[in-house]
Every structure is written in C-alpha cells, then in structure tokens.
Amino acid sequence: MIEMALRKGVAPRVECPNFERRNRYRYGVKHFCIGWDVGIIYAWCNQNSEGMGKLLPGLARQKAARK
C-alpha cells in the first residue's frame, strides 16, 4: 500500500506502534501516527472516569486512596 500510494503521488500516513517496526516505513513516508490508540483511551478515561466510578464504587474508593 505504501509503495502504491507513493507511485500515485499520494502521501501515505502510517501508524508506527513500536520501534521494532520502524524499518517497514523506509519508503519515503513523511507522515506518521504514534500513540493514537493511547491518546484515545486516555481521553475516554478522563471523560468517563466519574461515571464509571459511580457505576463501580469499588474502583472509586481505590482512586480516592491513591490521591
């Protein structure tokens, strides 16, 4: 896919989940996504932690104990 996109003049954007897979992207790719999933999960937890704490009271107590 990367090679086809480059042949057609389209700048591919690839996800690089870890350092070991870096060699796959030595085709002239300039647009990378690193940690996309982590960012989504972090945002979801921040937005929903209070509601989940009410739903699962045991977890809310653990969170309060950490503070």
Side-chain angles (χ1 to χ4, degrees):
M1 283 301 238
I2 294 171
E3 292 171 342
M4 181 191 320
L6 292 171
R7 277 195 311 269
K8 295 190 178 273
V10 176
R13 182 172 184 259
V14 299
E15 293 189 25
C16 190
N18 57 46
F19 187 71
E20 288 77 30
R21 292 183 60 189
R22 74 193 179 284
N23 290 333
R24 290 186 180 189
Y25 308 119
R26 291 190 179 184
Y27 296 101
V29 175
K30 297 178 183 176
H31 303 284
F32 293 90
C33 177
I34 299 173
W36 180 256
D37 294 335
V38 173
I40 291 172
I41 292 169
Y42 178 79
W44 188 92
C45 289
N46 278 332
Q47 292 171 358
N48 297 289
S49 61
E50 186 175 342
M52 291 300 290
K54 291 175 183 175
L55 182 64
L56 305 166
L59 294 177
R61 284 193 299 273
Q62 290 176 2
K63 183 180 178 182
R66 290 185 206 151
K67 290 183 178 181

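All values below come from the heavy atoms of this structure, side chains included, with hydrogens, waters and symmetry mates left out. Residues take their numbers from the sequence shown, with the count starting at 1.
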Practice task
Mind checking the CG-CD1 spacing from N46 to I41? Nearest 0.5 Å is all I need.
Solution key: 12.5 Å

Handout entry: Hydrophobic cluster of M4, others only, ordered by chain and residue number, side-chain cut-off 4.5 Å
Key = M1

Handout entry: Set of residues satisfying side-chain contact (heavy atoms from CB on, under 4.5 Å) with respect to E3, sequence neighbours excluded
Key = R7, Y27

